[in-house]
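As structure tokens, the structure follows; a few thoughts come after it.
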Amino acid sequence: MSQAQMADNSIVSGVMIGKYERGEAVPSIDAAKKIADALEVSLDNLVGEGLLNGFDKKTLKRFQEFEHLEDDKKKTLFDLIDTYIRDAKARKSYA
């Protein structure tokens, strides 16, 4: 995303975006939140902190919705996820 696009999407001026990128200024919490929203990541993800760092907002929303499922549905999904993870690890080790 260009500085101009970031400025448009976050409603933070392009001049300030440039200063943040060059390390000449530090965004306020409000500006950082707007930038995180424009990038569709959480604020802790933006600064590289937090337990769920690395997950985008769409994935985090799915995790939140997952918690509302019945236990048997959760078990089925965990089994499916575990199968894909196991298969991916096996492919990687044999590659």
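The figures here come from the full heavy-atom set of this structure, side chains too, leaving out hydrogens, waters and symmetry mates. What you see is a predicted model; the values in this text were computed from it and never measured.
The structure places CD of E24 at 9.5 Å from CE of M16, a figure rounded to the nearest 0.5 Å. Here I11 contributes atom CD1 and I35 contributes atom CD1; the two are 11.5 Å apart, rounded to the nearest 0.5 Å. Atom NZ of residue K34 and atom CG of residue D30 lie 4.5 Å apart, to the nearest 0.5 angstrom. To the nearest 0.5 angstrom, L46 atom CG is 10.0 Å from K33 atom NZ. Taking CE of M6 as the reference point, atom OG of S13 lies at 12.5 Å (rounded to 0.5 Å).
In summary, D87 and R91 do not engage in a salt bridge, as defined by a charged side-chain N under 4.0 Å from a carboxylate O.
Annotation for A7 and G14: closest pair CB-N, 3.5 Å, computed over non-hydrogen atoms. The two residues Y20 and A31 come nearest to each other via the heavy atoms OH-CB, 3.8 Å. For the residue pair L77 and F66, the shortest heavy atom distance occurs at CD1-CE1, 3.4 Å.
Residues meeting the side-chain hydrogen bond (donor to acceptor under 3.5 Å, both in side chains) test with T83, sequence neighbours left out: none.
Residue-environment remark: CD1 (I29) stays at or below the threshold of 12 foreign heavy atoms within 6.0 Å. Within 6.0 Å of atom CD in E21, more than 12 heavy atoms from other residues, nucleotides or ligands are found, so the atom counts as buried in its surroundings.
Of the possible donor and acceptor atoms, one in the side chain of Q5 sits under 3.5 Å from a partner among the backbone N and O of S2. Under a 3.5 Å cut-off, the side chain of R86 and the backbone N or O of D82 do not form any donor-acceptor pair.
Each of D79, D71, D72 was evaluated against K75; a single residue qualifies, D79, per the salt bridge (Lys or Arg N to Asp or Glu O under 4.0 Å) test.
One hydrophobic cluster holds both L43 and I17 under the rule that ILVMFWY side chains link at heavy-atom gaps under 4.5 Å.
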Stepwise salt bridge (Lys or Arg N to Asp or Glu O under 4.0 Å) test for E70 and K74: CA-CA 6 Å; E70 300 87 10; K74 287 181 189 179; over 6 Å; no
